[in-house]
Amino acid sequence: MAGPYGLCIAPTLHRHSLERSGLIACLPQSLRPLASAKPDCPHGNQPHHAVAEPPGRPLAAATRNPRRHSPEIRHKARQHIADAVAIGLAATRSQPLAQQLLDAMSMGAGGGACGVFGSAARHAPSLAAFTNAALIHTLDFDDIHDAARLHPTAVTLPAALAAAELVGAPPARVINAVALGNELMCRLGVMYSPMGRGPGSDWFLTQLFGYFGAGLSAALVMGLSEDHIVSTLGLAYMQAAGGKEAGFGVGATGRSIYPAFAAMGGVTAALLAKAGVVGPESALDGAASLFRIYLEGPPSAAQVALLLEPDGWQFAATRIKPWPSCRLSHPYVSAVLALRAQLQGAGVRSMVVAVNASAARLCAPLIDRRRPCTLQDAKYSVPYMTAFTLVHGAVDLNTLHLEGLSDPAVLAVADTIEIAETLQDKPGHPPAEIHAVTTDGREIRVRAGDFDLSDDGVRAKFDACLAYAGCAQQADALWARMDAFDAQRNLDFLFDEGGLGGHM
């Protein structure tokens, strides 16, 4: 399947290695002179490990003239956009956080050009992007690329929607921008494929790489020039953040909204670039570049090769979530559902839950993870989600809510769970294993099964989110419009006060 662009970020490659690999012949015509240029050595006789031009420029040149998106990728982009919109609408029922979010974004605001899911509010582009991104992630139900460990559409879609409403761009342009912004985020994430420890493990990569994905998406929707896109990426870098303590620690409801900072920052970067502010062109390969400061040094040759790959879409491996909880808890939800099927009416006396280093970070401190005080902490806890699934047999928006955190049956099971860090760590979600002893004396061992959603499952999730939002009667009509998103003339149907807007 043809890729969207040739990414010429090659700090460890030079002309001859590119020629030997055949990559120059695969790159878009506009990139071949850049990839073939002889590099200068800016530091005397020291080896030079950068291409002739900073990587932001060939990246911008390539995305300005993307290869034709395949029907499969356009279908996938529409599905993920529909999923994100439905989640954003459902999140307006997530109180008190949704109202706190809307209250905060309305302070001192006097209206604006851009709409907010489920609300009659209108905000300036950056604030609208922040609000919608926060709503999409608040329920921890948004799409994810497992190896990259990031949620791309929660960041790129709000940025693209805000930009489109600002300039009157059609939804078809939003699809292109979301697909390309997602691809950039996924490639950056897969370059590092974080695990429990090591480069990338202490960052919310959705946020860190999301500034670039959101900036690119907004810039493409606004039709910015190559120079402006280069500046957008540089200005996005100047805001980059995303330390993961809100996840590793307990008690912070702000963990639900971290993608919003990237969406807002990306739109801000694109608007600044559009207005003429020039960002650093060397943001990705300079002396104080993104990789050097945040990710322990410049990328390896293998990472560069992955980023340069001219074919394929990393975005294609992004998955739509079946359950509204942290993705690393999903294998344990799956394993417990398999356990329930074998209980034959017996109870569970004790459980040992095997984890790897990645999942172990969702188990400590164990006393707090067994008895979370916030819904955000509950969804980020392997012990709690294991106990919750065993008791309720279903994990959905109607069962997993703030009022249920004090459920004595769930807490009693959680107190019996022991954690054993015995599984090998790897990128993606952990290979969950549970050893249970039943009340009738049996020992049962289970592992996670396949929990990817089919197309029918994606539609069922969409309907469930709309029903939770109080918009069940509009689900069929909205799905039809989302399925034909390319053909819509504008975005009014998403934010029209007489339609989906203003129901909060």
Side-chain angles (χ1 to χ4, degrees), residues 93-97 138-141 246-256 321-355 358-422 429-430 432-446 448 451 468:
R93 286 269 314 279
S94 179
Q95 300 299 339
L97 190 59
T138 289
L139 298 175
D140 215 339
F141 213 0
F248 296 153
V250 295
T253 59
R255 182 196 169 278
S256 287
K321 278 187 174 183
W323 301 300
S325 64
C326 175
R327 181 64 163 183
L328 292 182
S329 75
H330 284 194
Y332 297 93
V333 173
S334 173
V336 173
L337 292 175
L339 172 62
R340 281 175 59 91
Q342 298 183 44
L343 288 179
Q344 301 172 353
V348 173
R349 182 177 299 151
S350 65
M351 278 191 288
V352 176
V353 176
V355 300
S358 295
R361 304 193 81 161
L362 278 67
C363 303
L366 184 56
I367 188 170
D368 293 320
R369 297 301 182 189
R370 284 173 170 163
R371 293 174 173 261
C373 295
T374 69
L375 187 57
Q376 290 73 27
D377 287 344
K379 294 183 174 193
Y380 202 68
S381 166
V382 166
Y384 184 85
M385 290 305 303
T386 299
F388 181 92
T389 307
L390 183 67
V391 171
H392 290 280
V395 178
D396 56 39
L397 297 177
N398 292 306
T399 58
L400 185 57
H401 47 69
L402 185 62
E403 294 76 14
L405 296 186
S406 58
D407 184 338
V410 174
L411 297 179
V413 173
D415 285 341
T416 71
I417 292 175
E418 297 296 335
I419 302 299
E421 189 177 335
T422 57
H429 52 68
E433 295 180 1
I434 295 176
H435 176 206
V437 178
T438 66
T439 53
D440 59 6
R442 288 178 293 135
E443 294 190 18
I444 302 175
R445 298 179 185 272
V446 291
F451 44 82
Y468 188 79

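Count residues from 1 along the sequence.
Residues Arg370 and Glu418 are paired through a salt bridge, judged by an N-O separation under 4.0 Å between the basic side chain and the carboxylate. The pair Asp377-Arg255 does not count as a salt bridge, with every side-chain nitrogen at least 4.0 angstrom from each carboxylate oxygen.
The 12-atom threshold is not exceeded at CZ of Arg445, counting heavy atoms of other residues, nucleotides or ligands nearer than 6.0 Å.
Remark: Glu433 CD to Thr422 OG1 distance equals 6.5 Å, nearest 0.5 Å. To the nearest 0.5 Å, atoms OG1 (Thr386) and CG (Leu362) are separated by 10.0 Å. Lys379 NZ to Ser256 OG: the interatomic distance, rounded to the nearest 0.5 Å, is 7.0 Å. In this structure, CG on Leu411 lies 11.5 Å from OG1 on Thr416, to the nearest 0.5 angstrom. Residue His401 holds its NE2 atom at 9.0 Å from CG of Asp407, rounded to the nearest 0.5 Å.
Here the side chain of Ser334 pairs no donor or acceptor atom with the backbone of His330 at under 3.5 angstrom.
Residues passing the side chain to side chain contact (heavy atoms under 4.5 Å, CB included) test with Ser381, sequence neighbours excluded: Arg369, Pro383, Tyr384.
Side-chain atoms of Val348 and Val413, non-hydrogen and from C-beta on, never get closer than 4.5 Å to each other. Gln342 places none of its side-chain heavy atoms less than 4.5 Å from the side chain of Thr438. Side-chain contact check for Leu405 versus Cys373: every heavy-atom pair is 4.5 Å or farther apart. Residues Arg361 and Val355 are not in side-chain contact: their nearest non-hydrogen atoms beyond the backbone lie 4.5 Å or more apart. By the 4.5 Å heavy-atom criterion applied to side chains, Phe388 and Val395 are counted as neighbours.
Judged as a salt bridge (Lys or Arg N to Asp or Glu O under 4.0 Å), the pairs with a partner in residues 321-330 (not counting sequence neighbours) are, in order, Asp140-Lys321, Asp146-Arg327, Arg327-Asp452.
The aromatic rings of Trp323 and Phe451 sit tilted relative to each other, their planes meeting at an angle between 30° and 60°.
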